[in-house]
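Heads up, the thing below is written out as structure tokens.
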Amino acid sequence: LDFMDEVRLGLNCRLFLGLFEFEACFSVYPPGAHYQRHLDSFRGAANRLVSAVTYLNDDWSRSDGGLLRLFDDEGRVVAEVTPEAGTLALFLSEEVPHEVTETRRVRKSIAGWFRVNASVGDVLDPPR
């Protein structure tokens with residue numbers, strides 16, 4: 001969490017994003033699991049701004065599957081990230097569609113999102 005706070009501060013300093021907090025979850029995909037193409041935040045929701053995925057898998061190869069696949073606006077694959085331990089992937093939550101390909105081994109990661117403070121008065125993240 002300390003490292004992710006350093007990442008947050010660096011992104012704010014260099015890109016003026018106004019990132020306020022970081023939320024995360026530990027994910028375990030059993031063999032055969034995948035995650036269909038999606039966005040991590042709905043356009044204009046302004047709650048999740050930057051997605052972060054940290055991988056925890058030793059000795060992973062592309063043939064093990066479980067790749068993070070990133071798409072452009074035309075639906076073309078622009079990057080594939082192998083979930084090797086120590087790899088950190090960052091991308092814009094509202095802008096970059098992505099999926100996880102079927103895994104052939106147990107796949108572990110920490111998925112997280114840098115958020116902006118969209119609260120108004122006493123209402124946390126009100127609808128827009």
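Heavy-atom basis, side chains included; hydrogens, waters and symmetry copies ignored. By convention here, the first residue in the shown sequence is residue 1.
- Looking at T103, its side chain does come within 3.5 Å of a backbone N or O of R105 through a donor-acceptor pair.
- Residues forming a ring-ring contact (aromatic ring centres under 6.0 Å, His included) with Y29 (at least two apart in sequence, or on another chain): none.
- Using a 4.5 Å cut-off between side-chain heavy atoms of Ile, Leu, Val, Met, Phe, Trp and Tyr, with links allowed through other members, F71 and V78 fall into different hydrophobic clusters.
- Transitive grouping of hydrophobic side chains (ILVMFWY, heavy atoms separated by less than 4.5 Å) brings V106 and F26 into a common cluster.
- Residues P97 and L39 approach most closely at N-CD2, 3.4 Å, considering heavy atoms.
- Atom CD of residue E84 and atom CG of residue D64 lie 9.5 Å apart, to the nearest 0.5 angstrom.
- The ring-ring contact (aromatic ring centres under 6.0 Å, His included) check on F20 picks up nothing, with sequence neighbours excluded.
- For the side-chain contact (heavy atoms from CB on, under 4.5 Å) test, residues two or more places apart in sequence or in another chain that qualify with L19 are R8, L11, N12, L17, L49, V50, F114, V116.
- Formation of a donor-acceptor pair under 3.5 Å by the R104 side chain with backbone atoms of S63 is found in this model.
- With ring centers used as reference points, F91 lies under 6.0 Å from H98.
- Every pair passing side-chain hydrogen bond (donor to acceptor under 3.5 Å, both in side chains) that includes a residue from residues 67-79 is listed here, sequence neighbours excluded: R69-E80, R69-E99, D72-R76.
- A pairwise comparison of heavy atoms in G65 and T101 identifies C-OG1, 3.9 Å as the closest pair.
- R48 contributes no side-chain N or O that, together with a main-chain N or O of W113, makes up a donor-acceptor pair within less than 3.5 Å.
- For A52 against L88, the heavy-atom pair with the smallest separation is CB-CD1, 4.2 Å.
- A donor-acceptor contact shorter than 3.5 Å links the side chain of S93 to the backbone of S51.
- The shortest heavy-atom contact between I110 and A24 is CG2-CB, 4.0 Å.
- For L15, the CG atom sits in a packed shell: over 12 heavy atoms of surrounding residues, nucleotides or ligands are nearer than 6.0 Å.
- A 6.0 Å sphere centred on CZ of F22 holds more than 12 heavy atoms belonging to other residues, nucleotides or ligands.
- Side-chain contact between V81 and T87: present, with at least one pair of heavy atoms (C-beta onward) separated by less than 4.5 Å.
- Remark: Y55 pairs with no residue by the ring-ring contact (aromatic ring centres under 6.0 Å, His included) rule, at least two apart or across chains.
- Looking at heavy atoms from C-beta onward, L67 lies in side-chain contact with P83 at the 4.5 angstrom threshold.
- In summary, the side chains of S41 and N47 do present a donor paired with an acceptor at a separation below 3.5 Å, with no hydrogens or angles considered.
- Not counting sequence neighbours, the partners of L9 by the side-chain contact (heavy atoms from CB on, under 4.5 Å) test are D5.
- The closest side-chain heavy-atom distance from Q36 to H34 is below 4.5 Å.
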